[in-house]
Structures are given as C-alpha cells and as structure tokens.
Amino acid sequence: MKTIAFDEDLRLQVQYRYILKVLFLAVLTSAIMNLMTERYTFGIILVLLSIFYFSFYWVVYRMKKTGVILVTILMNIITIILCGMLLLHGTTSGFSPVWMLILPQVTYLLTGIKAGTATSCTVLGMTMFLFWTPLGRSLLMHEYDAIFLERYPLVFMTMMVVSFYIETQRSIGLNEIKKNRQQMESMYQNQYDSMRTRIAEAKKVRHDMRHHFLALDQYLNDNKVEEAKAYISQYYDAIPFEESLTYCDHYVTNALLTYYYQRAKQEAITLNIKVQLPQQLPFKDEDLTVVFGNLIENAVQATISSMRESEKFIPGIWIRANYDGSELMLTIENTTLHEAKKGEGDRYLSSKHAGYGIGISSVRNIVDKYGGNFQIEQKDGRFKARIFISEQ
C-alpha cells in the first residue's frame with residue numbers, strides 16, 4: 001500500500017541520516033587523535049572518510065529515496081576498501097582493529113541483512129587471507145602480534161554472527177509492525193467501503209419507500225389484507241441490512257471485527273461474534289490490534305485449511321470479549337482438523353513457515369506487557385485461545 005511504502009522510505013531516510021551523523025563525528029574525532037599522535041596516514045584516511053560520511057548525509061537529505069539507494073551501494077564498497085587498507089596498514093595496538101570490527105557491522109544497520117552479510121563476509125575473507133596465510137602475511141605493512149593474528153578473525157566472526165542475529169530480530173519486528181499497519185489500513189478501508197455500501201442501499205430503500213406505500217395503500221383500499229401482509233413479508237426479506245456494522249463501541253476493534261466478518265463470509269465460514277467493549281479502553285489500540293488480529297487471523301486460516309482438506313468439515317469461529325471496567329477477557333475458538341504443534345519452551349510452531357509462529361509470540365509479548373494471562377486449549381477438534389489483561 002502506498003502509505004506503508006512512504007512510511008518505510010521515511011524511516012530509512014531518518015535512520016541513514018542519524019547513523020551517518022554519528023559515524024561522521026566518530027570518524028572525525030578518531031582522525032584528529034591520529035593526527036595528534038603523528039599517525040598521518042591513518043589521520044588523512046579518516047579525514048577523507050569523515051568527508052565521505054558527511055557527503056552521504058547530504059545525499060540522503062537531498063535525494064531522499066534515491067539517495068538511500070546510492071549511499072547503500074557506496075557504503076558497502078567504501079567499507080570493503082577501507083577495511084582492506086586498515087588490515088594492510090594497521091598494528092595490534094592501533095585503532096585499525098577497532099574500526100575493522102565496527103564498520104562492517106554498521107552496514108547491517110544501514111543496508112540490511114543481505115548487503116551487510118555480503119560486506120562482512122568479504123571483509124572476513126580478506127582478514128583470514130591476510131592473517132592466516134603466508135602470502136597474506138607477506139603483504140602486511142606492519143607486524144601484528146602472533147596471538148592477535150590467530151584470534152582476531154574469530155573475534156570478527158563472532159561480531160558478525162551477533163550483528164546478523166540483532167539485525168534479523170530487528171527485521172522481524174519491523175515486518176510485524178508493517179503487517180499490523182497494513183492490517184489496520186485494510187480494516188479501516190473495509191469498514192469505510194461497507195459504510196458507503198450501506199448508505200447507498202439506505203438511499204435506494206428510502207427512494208423506493210413511497211412506491212411500496214402506494215402498493216400497500218392500494219391493497220388495503222381493495223380490502224386485500226392477506227396480499228398486503230404477503231407484500232410486507234416479501235419487502236422485509238428484501239431489506240439488505242441483515243449484517244451488523246457495529247459489533248462493539250470500540251472503534252478499532254469494531255473495524256477489525258467487520259473486516260474479518262467479511263473475509264469469513266467470503267469463505268463460507270460461520271463467524272459468531274459477541275463482543276462488549278466501550279469506546280475507551282486503558283490499552284493501546286495497536287496492542288489490541290495485534291492481539292485480536294493475530295488470533296482471529298490464525299483462526300480463519302486454520303479453518304480455511306481444514307475446509308480444503310475435508311468436505312465433511314464444519315467450519316466455525318466464535319469470538320467472545322468483554323471489559324468489566326478493570327479486566328479485558330477475550331476468547332477466540334475455532335474448529336480445526338489439525339492440532340497446533342509445540343516446540344521448546346511451550347512455544348507454538350508456525351504452520352506457514354519453518355520455525356516458531358510470530359503471531360502467537362507477538363500476542364504473548366503484549367499479554368506479558370500488561371501482566372496478563374494467555375491460555376491455549378486444544379480438544380475434540382477445537383482450538384481455543386483465552387486472554388485476560390488488566391490495566392496497569
């Protein structure tokens with residue numbers, strides 16, 4: 001969706017500008033310290049690097065999305081070249097080992113997992129060649145300590161693994177945020193479309209109302225009471241407002257329920273909703289969206305999967321929620337042919353990809369955030385999730 005893409009581009013631009021500003025100041029400080037200690041080669045290299053980072057900052061600031069793409073490419077190229085120079089000209093006690101550890105890992109933050117891993121692997125390969133092979137050692141400009149030569153690549157590898165893990169977790173979190181935002185936008189759009197449809201239908205009914213009254217008046221004038229009753233019954237059945245637009249007074253939750261009701265209807269799934277929530281709740285709307293959205297989506301997907309496997313399967317989803325002034329109680333139950341599989345630590349495995357389910361983990365994190373209780377029961381072809389959370 002366009003709004004999501006814009007937000008993501010803006011987030012990347014702000015992130016690039018912030019990190020480049022920090023790098024500029026750090027590199028410039030290091031350059032001054034090298035020049036003061038008469039390490040002119042490194043000092044000049046770092047001065048040039050600080051100029052690059054300062055230029056990159058303005059490229060991102062001026063060129064926006066295009067600037068991010070350009071800087072991403074240049075950052076990786078410069079990082080590889082710079083680390084190669086630091087490896088060749090550095091010493092055990094100098095600043096070069098520190099920068100060789102920092103710069104490749106920073107590319108993870110700026111350029112993402114794929115580009116960051118490619119850059120870090122390239123630098124690691126250069127390090128292992130220069131430190132662990134006779135030919136590589138012959139190219140070094142200065143002597144490194146023997147223990148340093150042996151252990152430094154292992155330290156670099158450890159930093160790389162840690163950075164990869166951190167960036168992976170951050171990426172998962174951002175994807176979850178994007179998913180929830182897209183889900184909310186889709187819900188709001190669905191509710192808006194439904195309201196427009198109902199308004200149009202109401203206008204049509206109002207427009208046709210006088211014709212119906214004329215027909216009834218004619219029946220009654222002719223003493224055709226039974227015909228009038230039949231006409232009224234037929235007209236009542238034709239009224240299009242058989243579905244509710246309001247399931248509860250809480251706007252965000254109601255929009256979400258409307259969205260999933262329409263989706264379940266398209267799949268011929270019975271969705272039974274009894275939700276009593278006031279307009280104001282002491283919980284964040286985005287937290288409620290994650291909780292309701294993930295659990296209902298899981299229920300719908302599990303039901304659809306079971307329907308596709310067996311024609312005899314009877315689909316059904318029940319949603320119950322209530323807020324008594326201090327505690328929110330939510331129960332979502334669905335029929336299913338499959339039992340959810342557990343992994344380590346009572347965590348549930350995903351049915352859509354390898355590894356653990358992100359949705360259930362997100363729900364559990366929010367429940368823990370409010371000091372609540374999250375229960376899951378599986379019995380007799382039914383999966384039930386029950387949540388209790390209170391105002392902190």
Quiz item: In Å, rounded to the nearest 0.5 Å, how long is the span from CD of Glu167 to NZ of Lys114?
Solution: 13.0 Å
Quiz item: Counting heavy atoms not belonging to Gln276, are there more than 12 under 6.0 Å from its CD?
Solution: no
Quiz item: With a 3.5 Å cut-off and no angle check, do the side chains of Tyr370 and Asp287 form a donor-acceptor pair?
Solution: yes
Quiz item: Out of curiosity, Ile304 CD1 to Glu267 CD, how far, rounded to the nearest 0.5 Å?
Solution: 4.0 Å
Quiz item: If we only count heavy atoms from C-beta on, is the Tyr260 to Glu297 side-chain gap below 4.5 Å?
Solution: yes
Quiz item: With a cut-off of 6.0 Å (strictly less than), are more than 12 heavy atoms of other residues, nucleotides or ligands near CZ of Phe313?
Solution: yes
Self-check item: Phe156 versus Leu101, closest heavy-atom pair with distance
Solution: CA-CD2, 3.7 Å
Quiz item: Say you draw a straight line from CD of Gln262 to CG of Leu271; how long is it, rounded to the nearest 0.5 Å?
Solution: 10.5 Å
Quiz item: Is the shortest heavy-atom distance from the side chain of Leu20 to the side chain of Met75 under 4.5 Å?
Solution: yes
Quiz prompt | CA sep, side-chain torsions, deciding dist, call: Thr117, Tyr108, side-chain hydrogen bond (donor to acceptor under 3.5 Å, both in side chains) | solution = CA-CA 7 Å; Thr117 301; Tyr108 275 107; 3.2 Å; yes
Quiz prompt | Non-hydrogen atoms of Leu140 and Leu87 that approach each other most closely | solution = CD2-O, 3.4 Å
Quiz item: Between Asn294 and Ser362, what is the shortest heavy-atom contact and its length?
Solution: ND2-CB, 4.3 Å
Exercise. Report whether Leu28 and Leu46 are members of the same hydrophobic cluster (ILVMFWY, side-chain heavy atoms less than 4.5 Å apart, transitive linking).
Key: yes
Exercise. Mark yes when over 12 heavy atoms from residues, nucleotides or ligands other than Glu327 sit less than 6.0 Å from its CD; otherwise mark no.
Key: yes
Self-check item: Shared hydrophobic cluster for Leu281 and Leu295 (ILVMFWY, side-chain gaps under 4.5 Å)
Solution: yes
Exercise. Measure from NZ or CZ of Arg382 to the centre of the six-membered ring of Trp318 and say whether it is under 6.0 Å with the direction within 45° of the ring axis.
Key: yes
Quiz item: For the side chain of Ser55 and the backbone of Ile51, is there at least one donor-acceptor N/O pair under 3.5 Å apart?
Solution: yes
Quiz item: Hey, which of Leu328, Val291, Ile366 is the one that makes side-chain contact (heavy atoms from CB on, under 4.5 Å) with Ile389?
Solution: Leu328
Practice problem: Indicate yes or no: at least one non-hydrogen side-chain atom of Val300 is less than 4.5 angstrom from one of Arg263. | Solution: yes
Self-check item: Pair Phe292-Val252, side chain to side chain contact (heavy atoms under 4.5 Å, CB included): steps then yes or no
Solution: CA-CA 10 Å; Phe292 277 82; Val252 172; over 6 Å; no
Quiz prompt | Side chain to side chain, Ser163 and Ser120, heavy atoms closer than 4.5 Å | solution = no
Quiz item: Counting only heavy atoms not in Arg151, do more than 12 fall under 6.0 Å of its CZ?
Solution: no
Quiz item: How long is the span from the OH atom in Tyr144 to the CZ atom in Arg137, to the nearest 0.5 Å?
Solution: 12.0 Å
Self-check item: ILVMFWY network linking Ile166 to Ile102, side-chain heavy atoms under 4.5 angstrom
Solution: no
Practice problem: First locate atom CD of Gln301, then atom OG of Ser306, and finally report the distance between them rounded to the nearest 0.5 Å. | Solution: 12.0 Å
Practice problem: Identify whether NZ of Lys or CZ of Arg in Lys64 sits under 6.0 Å from the centre of the six-membered ring of Tyr61 and within 45° of that ring's axis. | Solution: yes
Exercise. Measure the shortest side-chain to side-chain distance between Ile113 and Thr168 over non-hydrogen atoms and say whether it is less than 4.5 angstrom.
Key: yes
Quiz item: Given Asn373 and Arg386, is the side-chain hydrogen bond (donor to acceptor under 3.5 Å, both in side chains) satisfied, shown in steps?
Solution: CA-CA 8 Å; Asn373 187 14; Arg386 184 182 290 114; over 6 Å; no
Quiz item: Do the non-hydrogen side-chain atoms of Phe56 and Ile78 ever get within less than 4.5 Å of each other?
Solution: yes
Quiz item: What's the shortest heavy-atom distance between Leu277 and Asn322, and which atoms?
Solution: CD2-C, 4.0 Å
Exercise. Scan side-chain atoms only and decide if Tyr247 and Thr253 contain a donor-acceptor pair under the 3.5 Å cut-off.
Key: no
Exercise. Return the minimal non-hydrogen interatomic distance between Thr303 and Gly316, and the atom names on each side.
Key: CG2-N, 4.1 Å
Exercise. Looking only at non-hydrogen atoms, find the nearest pair between Asn334 and Ala302 and report the distance.
Key: ND2-CB, 3.9 Å
Quiz item: Which residue, Tyr53, Phe52, Trp58, Phe54, forms the ring-ring contact (aromatic ring centres under 6.0 Å, His included) with Phe24?
Solution: Phe54
Quiz prompt | Gap separating the SG atom of Cys248 from the CD atom of Gln279, nearest 0.5 angstrom | solution = 10.0 Å
Practice problem: Report yes if some heavy atom in the side chain of Leu88 is under 4.5 Å from a heavy atom in the side chain of Leu130; otherwise report no. | Solution: yes
Quiz item: Side chains of Val275 and Leu330: does their closest heavy-atom pair fall under 4.5 Å?
Solution: no
Practice problem: Tell me whether Met33 is reachable from Leu48 by hopping between hydrophobic residues (I, L, V, M, F, W, Y) whose side-chain heavy atoms are closer than 4.5 Å. | Solution: no
Quiz item: Is there a path from Leu149 to Val155 through hydrophobic residues (I, L, V, M, F, W, Y) whose side chains come within less than 4.5 Å of each other?
Solution: yes
Quiz item: In this structure, are over 12 heavy atoms from other groups packed under 6.0 Å from Ile314 atom CD1?
Solution: no
